[in-house]
Amino acid sequence: MPKWNQIPRASWGVFHSQLLLQSPKLISPASVCLIFTLSTTDLIQDYIHDGNINAARKLFDENPASCNTVAWNSMITGHIRHNQMQSAHELFDKMPMRDVVSWNTMLSGFNKIKDPHKLHQLFLQMNKAGERPNQFTFSTIISGFLNTFDVLVPQLHSLILHSGLHSNVFVGSALMRGYTHLMDRSSLCRVFDDILTKDISTWNALLVGYMDLGFIADAQITFDMMPELNIISWTTLVDGYIKNRNINQARHMFDKMPQKNVVSWTAMIKGYVQQENYTNAIQLFISMLNSNTSPNHFTFSTLLDACAGCSMFLLGNQLHSCILKSGLCQELVLSTSLIDMYTKCGDIKSAFTIFDSMKTKNTVSWNSIIGGCARHGLAHQALSEFKKMTESGMKPDHVTYINVLSACVHGGLVKEGEHHFHSMVERYGVEAEMKHYTCMVDLYGKAGEVDKAVRLVKEMPFEPDVGVWGALLAGCGLHSCYEVVNGLQILGRDYSSIYNMLIKIHSEKGSWSHAIEMRDKVIERGGRKQKAASWVEFSIGES
DNA sequence: ATAGGGTTAG
């Protein structure tokens with residue numbers, strides 16, 4: 001039996017914080033400190049360790065004089081762990097003495113909430129304040145800069161070389177991820193070589209790098225010569241093959257995995273969903289359940305994607321029940337997947353139920369519901385949801401506008417479509433892409449304003465693609481605009497669909513000789529008409 | 001008291 005003063009520090013935390021919690025009237029923090037010969041700072045640290053931020057904060061606020069920099073830093077850490085970035089920031093601003101840990105902790109906070117601009121600002125302030133960045137600083141800011149400030153990676157690299165921190169495994173793997181983003185293979189390898197004592201994460205970073213850059217063979221060689229492998233190495237390899245569109249090799253390695261977890265199962269299922277091989281995706285999901293692996297929100301959202309892809313309403317609905325049971329239902333991404341699944345399976349009502357119950361919505365959630373309305377032909381509702389979206393301060397992006405414009409197409413709302421097409425750049429700085437032009441051409445074409453459609457195609461700042469021509473052609477076909485279609489033929493576009501359209505128009509006008517001439521041309525070029533297909537939806541019990 | 005790998009949505 002150890003004496004009380006031989007009990008390790010770590011075990012005390014639980015003990016004395018319990019003591020304080022259970023009998024706050026009998027014993028004060030001050031007495032606890034006395035009994036256990038703890039400083040206020042020690043006690044604060046123990047509270048933070050236990051996740052008891054409120055007790056820590058109370059003690060901290062009541063004893064300002066006995067709080068040193070370590071206590072301040074612990075408080076900042078505690079607030080960040082509880083997602084209270086605002087409070088953390090206030091403490092950071094108020095603290096009398098900041099050391100490198102204070103700065104690093106704040107940087108990690110901005111990294112956690114994914115605010116690269118604040119992260120960048122704080123890093124500049126840190127340098128201005130004369131605090132020298134260390135290995136913690138570099139690994140944090142590099143990972144936080146990815147996708148936003150990728151260009152800074154080489155410059156940070158040079159600072160790192162200057163400070164002699166290049167051999168640190170954390171710094172090194174962050175740099176490797178940075179160079180992977182920059183698609184710079186040779187720098188990736190340089191950084192790898194510079195890390196003198198490599199650990200498994202270092203090797204895994206190389207594996208990710210090779211796979212992301214498409215060097216499949218090098219990735220496999222790396223995998224085969226790695227000193228040790230963990231489940232992450234295996235999953236990286238499997239996912240790498242999926243990303244490089246080699247699903248069979250992915251499955252081969254997947255089957256060879258010594259053990260699998262949620263992540264590896266989800267990655268493999270996702271691979272099949274991307275290939276639109278929904279049968280295999282669902283079979284694999286069943287095997288996953290049989291192997292006693294619980295799905296998480298990643299898995300569910302992947303499967304909902306599968307349901308949306310092939311209109312499996314029943315399975316989607318069952319998954320929804322599972323999600324409700326699992327308590328994952330307030331997950332933002334998952335709700336958005338559910339909305340998408342329901343709209344694509346024809347149940348816009350359920351989609352709205354979920355959408356309206358969401359506490360926080362982002363651009364993607366709004367886009368799914370607007371897109372859902374569009375798909376259901378509810379043009380006016382799509383526009384009113386769009387109005388609500390902008391009024392709530394959410395900024396529309398290019399996808400929002402694709403959905404808004406396609407709603408206008410379905411509803412034949414030419415005026416509204418034109419309005420939004422123009423205001424997207426003027427009000428929100430969203431430049432029109434190919435898809436937006438396609439929608440507008442489609443809109444004009446269906447409304448019979450083929451002249452406007454043609455003018456738009458001519459004015460487009462880039463070369464129209466098949467989609468744009470297809471929309472124009474469809475519009476012409478709908479209104480039998482022989483001249484325009486024939487014009488397309490003269491322009492040298494020889495898609496067989498143009499000839500097919502000409503056949504249709506000639507037939508309608510009764511010029512059979514022309515129609516036959518066109519048909520022969522199609523056959524001559526080996527063109528064949530696509531088989532037509534459609535599905536009819538019956539609704540029972542509702543009008 | 002501070003740092004790193006693999007899976008999710010429109």
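The analysis underlying the following values was restricted to heavy atoms, covering all of them including side chains, and did not include hydrogens, waters or symmetry mates. Just so it is clear: chains get the letters A, B, ... in the order the sequence lines come, proteins before strands, and each one is counted from 1.
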Assign [X] to base, sugar-phosphate, or nothing according to its heavy-atom contacts below 4.0 angstrom with the strands shown.
X        : value
A:Ser173 : base
A:Thr202 : base
A:Lys260 : nothing
A:Thr363 : base
A:Ser139 : base
A:Asn403 : nothing
A:Asn111 : nothing
A:Ser201 : base
A:Val171 : nothing

Nearest-Å distance, [atom1] ([X]) to [atom2] ([N])?
X        : N     : atom1 : atom2 : result
A:Leu207 : B:dG4 : CG    : C1'   : 15 Å
A:Asn168 : B:dT2 : CG    : C1'   : 13 Å
A:Leu175 : B:dG4 : CG    : P     : 14 Å
A:His166 : B:dG4 : NE2   : C1'   : 18 Å
A:Tyr342 : B:dA9 : OH    : P     : 19 Å
A:Ile242 : B:dG6 : CD1   : P     : 15 Å
A:Tyr241 : B:dT7 : OH    : C1'   : 19 Å
A:Asn230 : B:dT7 : CG    : P     : 14 Å

So does [X] reach the base of [N] with its side chain, donor to acceptor, closer than 3.5 Å?
X        : N     : result
A:Asp199 : B:dG4 : yes
A:Thr236 : B:dG6 : no
A:Asn261 : B:dG6 : yes

Nucleotide of [options] approaching [X] most closely (side-chain heavy atoms):
X        : options             : value
A:Gln45  : B:dT8, B:dA3, B:dA1 : B:dA1
A:Ser264 : B:dG6, B:dT8, B:dT7 : B:dG6
A:Arg81  : B:dG6, B:dA3, B:dT2 : B:dT2
A:Ser301 : B:dA9, B:dT7, B:dA3 : B:dA9
A:Asn73  : B:dA1, B:dT8, B:dT7 : B:dA1
A:Val263 : B:dT2, B:dA9, B:dG6 : B:dG6
A:Asn104 : B:dT8, B:dT2, B:dG6 : B:dT2
A:Phe298 : B:dA3, B:dG6, B:dT8 : B:dT8
A:Lys243 : B:dA3, B:dA1, B:dT7 : B:dT7
A:Thr105 : B:dG5, B:dT2, B:dA9 : B:dT2

- Message: For a quick check under 3.5 Å, do A:Ser233 and A:Asn230 share a side-chain donor-acceptor pair by atom type?
- Response: yes

- Task: Verify the contact: side-chain N or O of A:Arg98 to OP1 or OP2 of B:dT2, cut-off strictly under 4.0 Å; return yes or no.
- Result: no

- Check whether any side-chain N or O of A:Lys198 sits under 4.0 Å from OP1 or OP2 of B:dG5, and answer yes or no.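 Checking B:dG5 against A:Lys198, no side-chain N or O comes under 4.0 Å of OP1 or OP2.
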
- Message: Would A:Phe136 count as stacking on B:dT2 if stacking means ring centres less than 5.5 angstrom apart and planes tilted under 30 degrees?
- Response: yes

- Message: Tell me whether A:Glu391 is salt-bridged to A:Lys388, with the criterion being a basic N under 4.0 Å from an acidic carboxylate O.
- Response: no

- Can A:Lys270 and A:Asp305 be counted as an ion pair, charged N to O under 4.0 angstrom? yes

- Query: What orientation do A:His420 and A:Tyr401 show, parallel under 30°, tilted 30 to 60°, or perpendicular over 60°?
  - Reply: tilted

- Query: Does the side chain of A:Met312 come within less than 4.5 Å of A:Ile282's, by heavy atoms?
  - Reply: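 Yes, close enough: below the 4.5 Å cut-off.
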
- Task: Just label B:dG4 as syn or anti from its O4'-C1'-N9-C4 or O4'-C1'-N1-C2 angle, using within 90° of 0 for syn.
- Result: anti

- A:Phe223 ring center near A:Trp203 ring center (under 6.0 Å): no

- List the atom of A:Leu119, the atom of A:Gly144, and the distance in Å for their closest heavy-atom pair. CD2-CA, 3.6 Å

- Query: If you draw a 6.0 Å radius around CZ in A:Arg190, do more than 12 non-hydrogen atoms from other residues or ligands fall strictly inside?
  - Reply: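 Incorrect, the count does not exceed 12.
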
